[in-house]
There are 2 protein chains.
Amino acid sequence: MSQTVKALLELRDLILSGELPPGEKLSELPLVEKLGVSRTPLRMALVKLEAEGLVEVTANGGYAVRGFTETEIFDAIELRGTLEGMAARLAAERRPEGKRERLAEIRDCVGALDTLIRRHRLSGDDFYDYVRLNERFHTELIALSGSRVVQRAVDQIMTLPFASPNAFVFVQSELPESREILVIAQEHHRAIVEAVAAGEGTRAEALAREHSRVARRNLEIALNTRQGFERVPGASLFRLAAAV
Amino acid sequence: MSQTVKALLELRDLILSGELPPGEKLSELPLVEKLGVSRTPLRMALVKLEAEGLVEVTANGGYAVRGFTETEIFDAIELRGTLEGMAARLAAERRPEGKRERLAEIRDCVGALDTLIRRHRLSGDDFYDYVRLNERFHTELIALSGSRVVQRAVDQIMTLPFASPNAFVFVQSELPESREILVIAQEHHRAIVEAVAAGEGTRAEALAREHSRVARRNLEIALNTRQGFERVPGASLFRLAAAV
DNA sequence: TTTTGAATTTCTGTATACAGAAAATTTGAA
DNA sequence: TTCAAATTTTCTGTATACAGAAATTCAAAA
């Protein structure tokens, strides 16, 4: 692994874990010492993190950790929903190479999720499997669009951890209505695939958008409980108006 | 201006002008000589260009100029339409700080476009003014959404010059149906502002999306004529299946 | 003539030294 | 004590040297 990649991964980790809080100035020399790499790869990593949006340039040169308002977090989720909606619509409207195979693949994924959710009590391992399958569903959906351009845009917004479809699954798992939410989300999954297969672009898009609102709802719940809030990935990046 | 910015601007120019064609390997030493900067700022610029999407990493380290298929170009335009649609919907649905002033601003812009288009013959200067006003309209629309997240996503896709709303204006200006296209695009502008002002989110979104199809139509025309093709910004980046 | 292996060159990734600008600190005067 | 100026320190941006890997070239043998 190159030093640049090492610096990138470790810096991202320091930021998302909250060790480097929002607004924190990222002076190079202290970071060089902390990460054990020289300034050259460190600066490369900072440029990449700026492109990702986790870090911003300050007025007089240098970088600082970026903070996110509540609205920005909601917008990031909504943007993901919009992009997944576009992907779903394109998937439905187009006949790209290998669409049959991809559809079989995503149906398989939805089937596995079905099996999982039918269990009455979900163990910790089950939840881990759910996260994996859920991520696979979203990855496959984007792949089904066959659009590299959409792929890039989705990857971009997903660098914000709270924009990920799995961001709030662990919060959700502790709610009394957890099971109902899983059932609803799964119905979205099923219907999206159905719409894509049938070439129903508008329906596929609307469903993918609505599906992202599950994440939004979970976030709203999480923001109202301290232990929920702390479980959200990248929670330290939040700059909330009302103290939590 | 820093050496990094200099390298970034000059490299971007070399790529968009076609002097560095798609697939061209970007070896550092020749570029250092050509640009007159050292390797450090050059590499910074390459990282930024990769984030922009104009350049891609090759298998064994190093960068190459990225080429775009016809589908990717259409997708880029469609993605811009989708993002502007989201922006228009948010602008319609929300009441952000300073929305009144922003609406007045964009109405002013639409008014200026109206005056311009009413002229029977558009001079070269007129077209230049049109490009400026058209760009201002699109900038203002994004600003009206009040969403930094959407702003970033739009900026990202707009780094591809053929995704810009003005990409095909000059091609269009030489078509017999040029005037009709301007009238149609202007009706879109007018109706988008009307919908945003009235809080009609769905209508605003649909119109902004359809508006991007003007660019697509112009591109399709441009791709069928050699002199049209050559006038498209970033035309050298196209990797078309059928030779042009 | 072709193929294989060795030698050479080229290229990228990294560390570091240096310069100029910005920030912080200290010193001197009111 | 407080403010201003000057000095020192710190920090970023840049150039460059070096190491290791990859690619290329060349030579020799089949």
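- Under the side chain to side chain contact (heavy atoms under 4.5 Å, CB included) rule, Met44(A) has a single partner from Val5(A), Thr4(A), Val37(A), which is Thr4(A).
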Sugar-phosphate means primed atoms, P, OP1 and OP2; the rest is base. With that split, encode nucleotides 14-19 of chain D 5' to 3' as B, S or - using protein heavy atoms under 4.0 Å. BBBB--
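- Judged by distance alone, the side chains of His211(B) and Glu84(B) never bring a donor and an acceptor atom under 3.5 Å apart.
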Please set out all donor-acceptor pairs under 3.5 angstrom arising from side-chain atoms of residues 154-166 of chain A, sequence neighbours excluded.
residue, atom, partner, partner atom, Å
Asp155(A), OD1, Gln151(A), NE2, 3.3
Gln156(A), NE2, Ala51(A), O, 2.8
Thr159(A), OG1, Glu52(A), O, 3.1
Thr159(A), OG1, Gln156(A), O, 2.7
Ser164(A), OG, Asn166(A), N, 2.9
Asn166(A), OD1, Asn134(A), ND2, 2.8
Asn166(A), ND2, Val131(A), O, 2.9

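- Residues passing the side chain to side chain contact (heavy atoms under 4.5 Å, CB included) test with Glu230(A) are Arg226(A), sequence neighbours excluded.
- Few gaps surround CD on Glu101(A); more than 12 heavy atoms of other groups in view lie less than 6.0 Å from it.
- Contacts of residues 22-31 of chain A with DNA chain C (heavy atom under 4.0 Å): none.
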Using atom types as modelled, flag every donor-acceptor pair under 3.5 Å from a side chain in residues 55-68 of chain A to any protein atom, sequence neighbours excluded.
residue, atom, partner, partner atom, Å
Glu56(A), OE1, Arg148(B), NH2, 2.9
Thr58(A), OG1, Gly61(A), O, 2.6
Thr58(A), OG1, Gly62(A), O, 3.2

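- Within the structure, the ring-ring contact (aromatic ring centres under 6.0 Å, His included) test picks out no pair touching residues 37-59 of chain B (sequence neighbours left out).
- At distances below 3.5 Å, not a single donor-acceptor pair connects side-chain atoms of Lys48(B) with backbone N or O atoms of Lys48(A).
- To the nearest angstrom, C1' of dG13(D) lies 14 Å from CG of Asn60(A).
- Per the geometry, OH belonging to Tyr63(B) stands 17 Å off P belonging to dC11(C), to the nearest Å.
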